[in-house]
Structure formats: structure tokens, C-alpha cells
Amino acid sequence: LLKTHMQHERVLYVSHQNASTIHPAFANRLEYSREEKKIVITLHNLQKNDSDIYVCAVVVKNSPFLSANGSGTFMLVKEVEQTGCRHSFWDIYSLIIMVVLLFSALVGCILYRVDMKKYFQKRKNNTVYEDMSYCSRRSTMVRS
């Protein structure tokens with residue numbers, strides 16, 4: 001794969017033994033797969049300086065010439081502005097705040113409807129205390 005118009009450089013070279021050489025500018029941005037006589041080349045993370053005419057060529061044995069098949073593919077890379085990403089942090093932040101507020105309101109309504117005082121008050125035991133001491137019985141005794 002050659003860049004031919006703006007800068008003449010070899011982007012990818014694959015030999016018959018499947019040994020490949022990738023131009024350093026395309027390292028980690030170029031993938032290829034080979035099936036018999038067909039090679040599929042994929043470029044990732046394109047940059048503006050990747051704009052050029054790309055030609056697939058075959059090296060003719062024992063010759064300094066290349067045999068190109070077709071006129072190549074013109075690739076124009078434009079810089080695209082990303083919109084909507086700047087405010088996404090604030091959108092998520094405000095959404096989290098709204099969820100917390102609504103959850104707090106829900107918990108408040110539930111606690112208001114349920115009388116929580118009766119669940120947290122100490123319950124008095126139902127006991128009867130009767131004083132059986134001698135002093136209190138003395139006045140009720142009959143004497144002869």
C-alpha cells in the first residue's frame with residue numbers, strides 16, 4: 001500500500017512469506033488480513049495528514065518497478081467537531097442530584113406516613129406491683 005500524491009511513502013509491505021513492514025506513522029493504526037491473493041487493509045484513528053491517494057501495487061521480481069492495479073483510492077480526512085460531549089458531564093451530574101433528591105423525598109414521605117414514634121418508644125411492661133410489706137397490711141388486720 002503506497003501513498004502517492006502528497007507524500008510518496010510505503011505504508012504497508014507484505015511479502016509472499018507473510019512478513020510485513022508497516023510505516024512508523026501508521027503503527028498501531030493499521031490492520032490487515034490476508035486470504036490467498038486478497039489483502040484487506042483497515043486504517044484506524046485517521047488524521048488530517050493521512051489524506052492522500054492510496055494505491056495497492058505489486059513488486060515485479062528482479063525489477064525496480066511496481067505494477068499498480070487501478071488509479072488508487074483518494075482518501076480525504078476532515079476534522080470533525082464533536083458536539084454534545086462538553087455538557088455531558090454536567091448532564092450526568094445534574095441527573096444524579098435529581099435522583100438523590102427524589103429518593104430523599106420518597107423516604108421522607110414514607111417516614112411521614114408511618115408513625116415512627118411508636119416503633120422507637122420503649123414499651124412499658126404490663127406488670128402489676130402489689131405491696132405486701134408488713135406496714136401496709138397492719139391497718140387491715142382485725143384484732144380481738
Side-chain angles (χ1 to χ4, degrees), residues 1-140:
L1 180 67
L2 304 170
K3 282 176 78 172
T4 60
H5 185 64
M6 305 293 259
Q7 295 175 326
H8 295 284
E9 57 188 28
R10 185 183 283 180
V11 176
L12 172 67
Y13 174 77
V14 181
S15 70
H16 286 292
Q17 292 81 20
N18 210 20
S20 64
T21 305
I22 298 175
H23 190 276
F26 290 92
N28 299 324
R29 299 190 307 128
L30 184 143
E31 293 177 8
Y32 77 94
S33 62
R34 183 176 182 179
E35 296 175 11
E36 295 180 20
K37 294 183 178 183
K38 181 180 178 182
I39 295 179
V40 176
I41 301 168
T42 306
L43 298 172
H44 299 283
N45 301 327
L46 295 174
Q47 302 164 358
K48 276 183 126 179
N49 60 352
D50 290 336
S51 296
D52 209 323
I53 296 175
Y54 289 81
V55 176
C56 287
V58 177
V59 177
V60 179
K61 285 186 181 181
N62 301 327
S63 173
F65 298 107
L66 297 173
S67 172
N69 189 5
S71 59
T73 302
F74 178 67
M75 184 166 54
L76 176 63
V77 181
K78 288 181 163 183
E79 190 172 341
V80 178
E81 284 187 34
Q82 292 183 348
T83 57
C85 293
R86 286 181 271 148
H87 301 292
S88 65
F89 172 75
W90 292 109
D91 292 343
I92 292 172
Y93 185 68
S94 61
L95 181 66
I96 290 172
I97 289 174
M98 289 300 292
V99 167
V100 168
L101 288 175
L102 287 173
F103 183 73
S104 299
L106 178 67
V107 168
C109 287
I110 290 172
L111 292 177
Y112 178 75
R113 297 291 271 161
V114 176
D115 187 14
M116 296 303 290
K117 287 182 183 178
K118 67 181 177 183
Y119 291 109
F120 290 107
Q121 285 179 349
K122 288 185 178 179
R123 295 183 181 205
K124 296 178 182 176
N125 292 334
N126 291 333
T127 57
V128 176
Y129 178 74
E130 186 175 341
D131 188 9
M132 300 295 289
S133 65
Y134 177 75
C135 295
S136 64
R137 283 189 311 170
R138 188 174 45 178
S139 60
T140 60

Using the test side-chain contact (heavy atoms from CB on, under 4.5 Å), find all partners of I22 that sit at least two apart in sequence or belong to another chain. L12, F26, L30

Listed partners of Y32 passing side chain to side chain donor-acceptor pair (under 3.5 Å), at least two apart: S20

Using the side-chain contact (heavy atoms from CB on, under 4.5 Å) criterion, which residues pair with L106? Sequence neighbours excluded. I110

What is the distance from atom SG of C56 to atom CD1 of I41, rounded to the nearest 0.5 Å? 4.5 Å

Under the side chain to side chain donor-acceptor pair (under 3.5 Å) test, which residues partner R34, sequence neighbours left out? none

Tell me, please, which residues at least two apart from E31 pass side chain to side chain donor-acceptor pair (under 3.5 Å). H44

Atom pair CG/OH of L2 and Y13 - distance to nearest 0.5 Å: 11.5 Å

Looking only at heavy atoms, the pair that brings H23 and R10 closest together is CB-O, 3.3 Å

Find the distance between CG (N49) and OG (S51) and round it off to the nearest 0.5 Å. 8.0 Å

Restricting to non-hydrogen atoms, name the atom on D50 and the atom on M75 that form the minimum distance, rounded to 0.1 Å. O-CE, 4.0 Å

What are the two closest non-hydrogen atoms of D52 and K3, and how far apart are they? OD2-CE, 3.4 Å

side-chain contact (heavy atoms from CB on, under 4.5 Å) involving F103 - partner list, sequence neighbours excluded: V107

What heavy-atom pair brings G72 and V55 nearest, and what distance separates the two atoms? CA-CG2, 3.8 Å

